[in-house]
A.B. asks: 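First the structure, then my questions, so here it is.
In what follows, every heavy atom counts, from backbone to side chain, and hydrogens, waters and symmetry copies are set aside.
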Amino acid sequence: MVARFAVEYVYTADTAKRDEIRPAHRAFLREAQDRGELLVSGPWVNNTGALLVFEAEDEAALKKLLEHDPFAEADLVARVRINEFNPVLGTWVAD
């Protein structure tokens with residue numbers, strides 16, 4: 001069974017390095033989306049972090065995936081918060 005997870009990234013202050021790595025980060029996310037793992041992602045408007053929603057077998061599998069995010073590999077994520085998410089209303093929920 002697949003679970004949904006809301007992931008919050010808090011970025012480091014190194015915006016120049018983040019700008020440099022962003023194309024690889026977005027390619028990583030596109031690949032996850034193409035595999036059906038990433039449902040949505042985007043940065044906070046104030047550019048201090050991002051929200052990502054994934055489907056994964058479990059939290060351990062998701063953490064393993066996130067380790068390969070180029071932002072994580074470049075130490076641009078100061079903190080990651082993962083919460084299993086149970087949507088009850090919205091377009092992702094079957095009636």
A.B. asks: So how far is it from E20 CD to T15 OG1, rounded to the nearest 0.5 Å?
C.D. replies: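 Separation between the atoms: 11.5 Å.
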
A.B. asks: Of all heavy-atom pairs between E67 and E73, which one has the smallest distance, and what is that distance?
C.D. replies: O-CG, 3.5 Å

A.B. asks: Less than 4.0 Å between a side-chain N and a carboxylate O, is that true for E59 and K63?
C.D. replies: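 Result for this pair is yes, salt bridge flagged.
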
A.B. asks: Please give the remaining members of the hydrophobic cluster of V80, linking ILVMFWY side chains under 4.5 Å, ordered by chain and number.
C.D. replies: F5, V7, Y9, Y11, I21, F28, L29, L38, L52, F54, L62, L65, L66, F71, L76, V77, I82

A.B. asks: Where do D14 and T12 land on the side chain to side chain donor-acceptor pair (under 3.5 Å) test, with the steps shown first?
C.D. replies: CA-CA 6 Å; D14 193 344; T12 66; 5.6 Å; no

A.B. asks: Give a yes or no on this: more than 12 heavy atoms of other residues, nucleotides or ligands lie within 6.0 Å of atom CZ of R35.
C.D. replies: yes

A.B. asks: Is the side chain of N83 donor-acceptor paired with the backbone N or O of F85 at a distance under 3.5 Å, no angle test?
C.D. replies: no

A.B. asks: Tell me, with the steps shown, if R4 and E55 meet side chain to side chain contact (heavy atoms under 4.5 Å, CB included).
C.D. replies: CA-CA 4 Å; R4 290 197 174 129; E55 286 188 336; 2.8 Å; yes

A.B. asks: Are more than 12 heavy atoms from other residues, nucleotides or ligands located less than 6.0 Å from atom CZ of R22?
C.D. replies: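 Atom CZ in R22 is crowded, with more than 12 foreign heavy atoms closer than 6.0 Å.
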
A.B. asks: Can you tell me how far NE2 of H25 sits from CZ of R18, rounded to the nearest 0.5 angstrom?
C.D. replies: 9.5 Å

